[in-house]
Amino acid sequence: MDRRELLRLILMSSAAATVMPTKAFGNVLKYNSMSKLDFGPDFKWGVATASYQIEGAHSIDGKGASIWDTFTHEKGKIKNGHNGDVSCDFYHNYLEDIAILKSLNMKVFRFSASWSRVLPNGTGTVNQKGIDFYHKIIDACLENGIEPWMTIYHWDLPQALQDKGGWVNRDVIQWFSEYAELLTKNFGSKVKNWMVLNEPMSFTALGYLIGYHAPGKRGFKNFLPAVHHTAYCQAEGARIIRKNVPDAQIGTTFSCSHVEPWKDEKRDGKAMERWDVLLNRLFIEPALGMGYPVESLPVLKGIKKYVQKGDMEKLKFDFDFIGVQNYTREVIKKNGLIPFIKGMEVSPKDRDAKEITEMNWEVYPEGIYKIIKQFAAYKGVNKIYITENGAAFPDVVANNAVKDFQRVDYYQRYLEQVLRAKNEGINIAGYFSWTLLDNFEWSEGFKPRFGLVHVDFETQKRTIKESGLWFREFLK
Ligand code: BGC
């Protein structure tokens, strides 16, 4: 019986049954013979989160507004009019959530700081209550035997800085440096693993090219300067960490997806190469000293206008690790009508993909193997952590349980592919699930649920899903 058939049977039986004991479920999914030990004794297991998506407490204890506070309150920007004002209220529930994390046998908590919580105006006056909050999270992790891994920036720019142009304004290099100095000086004695940025391509393209995310700006005149200043901050932030926390392990994270041509290898292949630049190459190559990949995507030539003397050298940094964040693959078809990139993604439904998540992303486990290989092939990438991977499915709570077998299956099959790459000799040192809690999924609002733990957003009740219980067993 193949896995999909097995999964279908499990789903059918779970719909009819009441609560299935975890043990029985563990037996049912025995087809996966992989063990935690296969990944080695030093492999790090954890979860990844982001400040705006979980914290809530958006305007208390001195926090300033971020671009997401503004954007979510504009009409029509977010599905169902949702916002992250409260979300999982991690600000008040962090002790319970870290205890849950510990109970899942996870040893890493990756989280980001909210810039406007510690610097309400982006620069200048420091909000001590914000600093105290992150100390409390870090201390709670350390007391529970969990390593705190801090991301400096996961998309929530202070609104005060956006009012001056945000990532489009070159002054952001100064603003960001001040913020990175603040975090590293305050937390560097306790936090030894740092990531500068979360997915620079996502926040520059979604926020400054197509306007689907905050701050809702569009066009290459916004995108190109935002890209250059972001690439600069990516390296500058790392230099600041190195200076203030000499014993830190320093990385930065990239969203990335294996790309394939739709049908015609040659025609669609060219379009695929252009997408590959945008999705996978745009930010890692300047960091590695290779410059911007302009040859494969000529519209990027316009970036020259924003590059000052000496900048290209400044984009380089010798990162200790690269964070790979992967969810799906992209199949690309030529389309001359799409400006500049002249190609488009073929939606999973239009190519009859068999398994599709709530995000309309295809479940394609081999994609993570292929993209790891692509990134590991760069000279200068010496160590990889999978800093995000996970899936949203329509979860239902029944009898105090969430039988998210599809997610269990997703994790097992993606992990098998991570292991495959590792066994081929690639230095993959850890894996962090996206994510601990159901949370605010940006412009999609609260509907897509990615958590290992279900959150009832009315009552703040947490219910560990079957996938969380699976990790608990697996990591025992
Ligand atoms: C982001 C997360 C996001 C997740 C799922 C990643 O691109 O870092 O913030 O929630 O994907 O969409």
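We count ligands from 1, going down the list as the structure has it; atoms in each ligand are counted the same way.
Nearest approach of P293 to V277, heavy atoms of both residues: CG-CG1, 3.6 Å.
For atom 2 (C) of ligand 1, the nearest protein heavy atom (residue, atom name, distance) is W434 CZ2, 3.6 Å. Atom 12 (O) of ligand 1 has its closest protein heavy atom at E441 OE2, 2.6 Å. If you check which protein heavy atom lies closest to atom 7 (O) of ligand 1, you get E199 OE1, 2.5 Å. E388 OE1, 3.3 Å is the protein heavy atom nearest to atom 1 (C) of ligand 1.
Every atom of ligand 1 with a heavy atom of H154 under 4.0 Å away is listed here by number and element: 1 (C), 2 (C), 8 (O), 9 (O).
Two residues are said to be in side-chain contact when any heavy atoms from C-beta on lie closer than 4.5 Å; I54 and L436 fail this criterion. The shortest distance between side-chain heavy atoms of S87 and F446 falls below 4.5 Å.
In F440, neither the side chain nor the backbone holds a heavy atom less than 4.0 Å from any atom of ligand 1. Counting heavy atoms under 4.0 Å from ligand 1, residue N198 touches it through the side chain alone.
A donor and an acceptor atom, one from each side chain of Y91 and D61, are located under 3.5 Å apart.
Here the options are K192, R242, K383, the test is salt bridge (charged side-chain N to carboxylate O under 4.0 Å, His left out), and the partner is D320; only R242 passes.
With distances taken over non-hydrogen atoms, the option nearest atom 4 (C) of ligand 1 out of F254, F450, Y327 is Y327.
Aromatic ring pairs are classed by plane angle as parallel below 30°, tilted from 30° to 60° and perpendicular above 60°; the pair F319 and F317 is perpendicular.
When only interatomic distances are considered, the shortest N/O to N/O separation between W442 and ligand 1 falls below 3.5 Å.
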Kindly determine whether Q159 and D163 satisfy side chain to side chain donor-acceptor pair (under 3.5 Å), including the steps that lead there.
-> CA-CA 6 Å; Q159 182 59 42; D163 294 342; 2.7 Å; yes

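Within the 4.0 Å heavy-atom shell around ligand 1 one finds W361.
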